[in-house]
Amino acid sequence: MNSASASMIVPPDKLHDIVRTIFSAAGSTDREARLVADHLVEANLRGHDSHGVGMIPTYIANARDGSLILNQTLSVGFDSASLVVLDGGLGIGQVMAHDAIEAGIERAANAAACIVGLRNSHHIGRIGHWAEQCAAAGLISIHFVNVVSTPAVAPFGGTKARVGTNPFAVGIPRAGEPPIIVDFATSRLAAGKVHVAFNKGVSLPDGALLDAGGHPTTDPSALFSDPPGALLPFGEHKGWGLSVACELLGAALIGGKTQSGPKQSNAIVNSMLSILVSPDRLGTRANLDDETDAFVSWARSEATRTAQILMPGDPERETKRWREANGIPIDARTWEEIEAAAESVGARGAPA
Ligand code: NAD
């Protein structure tokens, strides 16, 4: 890849080729490299650059220091038809979560519902991706996820980081319409978005971050300083409560590790509890479709000439339409970091 001195716009297909080339050079199978590329480029397409190709340098560094295992396969921790727990063994999350959700989809299609626990996976990226995988199979899904890494978020009422950004997601398929996808970190900002702002040299919104002294700041570098600052939970005590549920249901219940101390390794470890339900098998498909249509129309009827009412998932689809047509913007610093990661694995064939 050539060096870049300014932000650039990269066509999605080309970015996909670059990701595949880098992971193939790092030692991934073709399937693994493709699944990682599918996920990272889709995150960029949907506007979540925090979980897109900017993650490549971290993944490659973790693969090189042994805290991410390439070409890992899931092992079964527990299996009783509609409840399966799978261990990701620090495998690359884009494959571990894909395969775990695929197993859940097959079981939910047969048994009406399935609970899938995925523990000890390396970073599983944008959780909405897994809700979309379920929705594409006609299933609703609910996902509680914890993060074990450098703590980034203070408990409600506190000023020092104790937990990760513990994301939560829900997917609801619709007949003839795109699915509703609720997908967010339980912190006011995802940590990756603070990193993106840092790389772009822009300030954060007010009220998201405290510096190491516990004072509000808009400077993204405060999260990465030594000692570090802390993000705040979204929604005051309510977001904190959801974060606690993600920590304990997403990990402790299924035999995974919680963030119960400072950083243990360089890996970003995710555990995820997913609940999948088939409205077809439940016999409520028509009701779900009709009531969702009625509800969405009613909610959208509140739109004014200046303010639209959006459903969760709408903003990402809009960004995807734009980026598919116009390309994906990558800031210069992120591009340089990707180039360095490519060089570190000898990915000389990576397209310029
Ligand atoms: P965000 O704050 O951008 O919120 C996104 C959600 O809000 C989406 O469901 C979106 O459709 C909806 N939304 C946005 N604007 C809306 C509007 N005006 N009306 C209605 N709905 C609207 O998300 P985030 O907290 O920055 O998280 C970004 C990504 O980071 C997510 O994909 C999340 O899964 C991921 N994440 C992953 C990890 C991990 O460890 N794997 C950790 C944290 C976050």
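Values below: every heavy atom of this structure, side chains too, minus hydrogens, waters and symmetry copies. Each ligand, and each atom within it, is numbered from 1 in the order the structure gives. All residue numbers refer to positions in the sequence shown, counting from 1.
Contact annotation for Ala185 and ligand 1: heavy atoms of both the backbone and the side chain come within less than 4.0 Å of the ligand. Residue-level proximity to ligand 1 for His48 is carried by the side chain, the only part with a heavy atom below 4.0 angstrom. Only the backbone of Ile181 comes within 4.0 Å of ligand 1, counting heavy atoms alone; no side-chain atom from C-beta on gets that close.
Within the 4.5 Å cutoff, the side chain of Thr218 has no heavy atoms near those of the Leu209 side chain. Within the 4.5 Å cutoff, the side chain of Pro329 has heavy atoms near those of the Ile9 side chain. The shortest side-chain heavy-atom distance between Arg46 and Arg317 falls under the 4.5 Å cut-off.
Listed by atom number, the atoms of ligand 1 under 4.0 Å from Val147 heavy atoms are 40 (O). Close approach of ligand 1 to His123 is summarised as follows: ligand atoms under 4.0 Å from at least one heavy atom of the residue are 39 (C), 40 (O), 41 (N). Interface of Lys193 with ligand 1, defined as ligand atoms under 4.0 Å from a residue heavy atom, comprises 1 (P), 3 (O), 23 (O), 24 (P), 26 (O), 28 (C). Close approach of ligand 1 to Pro312 is summarised as follows: ligand atoms under 4.0 Å from at least one heavy atom of the residue are 9 (O), 11 (O), 21 (N). Remark: ligand 1 atoms within the under-4.0 Å shell around heavy atoms of Thr165 are 42 (C), 43 (C). Within ligand 1, the atoms closer than 4.0 Å to a non-hydrogen atom of Val182 are 9 (O), numbered from 1 in the order shown.
Close N/O approach between Leu189 and ligand 1 is not found [any backbone or side-chain N/O within under 3.5 Å]. Checking only distances, Phe184 never comes within under 3.5 Å of ligand 1, N or O to N or O. Ligand 1 has a nitrogen or oxygen under 3.5 angstrom from a nitrogen or oxygen of Asn270.
Using bins of under 30°, 30° to 60° and over 60° for the plane-to-plane angle, the ring pair Phe23/Tyr59 lands in the perpendicular bin.
Ranking the protein heavy atoms by distance from atom 41 (N) of ligand 1 puts Gly125 O, 2.9 Å first. Looking only at protein heavy atoms, the nearest one to atom 22 (C) of ligand 1 is Pro315 CG, 3.9 Å. Taking atom 36 (N) of ligand 1 as the reference point, the nearest protein heavy-atom neighbour is His51 NE2, 3.2 Å. Among protein heavy atoms, the minimum distance from atom 34 (O) of ligand 1 is reached at Asp183 OD1, 2.6 Å. The protein heavy atom nearest to atom 8 (C) of ligand 1 is Glu316 OE2, 3.3 Å. Protein heavy atom closest to atom 20 (C) of ligand 1, with residue, atom name and distance, is Leu310 O, 3.5 Å.
Within 6.0 Å of the CD atom in Glu324, the count of heavy atoms belonging to other residues, nucleotides or ligands exceeds 12. Within a 6.0 Å radius of CG in Asn326, other residues, nucleotides and ligands contribute more than 12 heavy atoms. Within 6.0 Å of CZ in Phe224 there are more than 12 heavy atoms belonging to other residues, nucleotides or ligands. Atom NZ of Lys320 has more than 12 neighbouring heavy atoms from other residues, nucleotides or ligands inside a 6.0 Å radius.
In this structure, the side chain of Asn270 engages the main chain of Ile124 through a donor-acceptor pair within 3.5 Å. Here the side chain of Ser271 pairs a donor or acceptor atom with the backbone of Asn120 at under 3.5 angstrom.
Between Arg321 and Glu318 a salt bridge is recorded (basic side-chain N to carboxylate O distance below 4.0 Å). The existence of a salt bridge linking Glu236 and Arg188 is confirmed by a sub-4.0 Å separation between a basic side-chain nitrogen and an acidic carboxylate oxygen.
By the definition of a contact as any protein heavy atom under 4.0 Å away, atom 11 (O) of ligand 1 is in contact.
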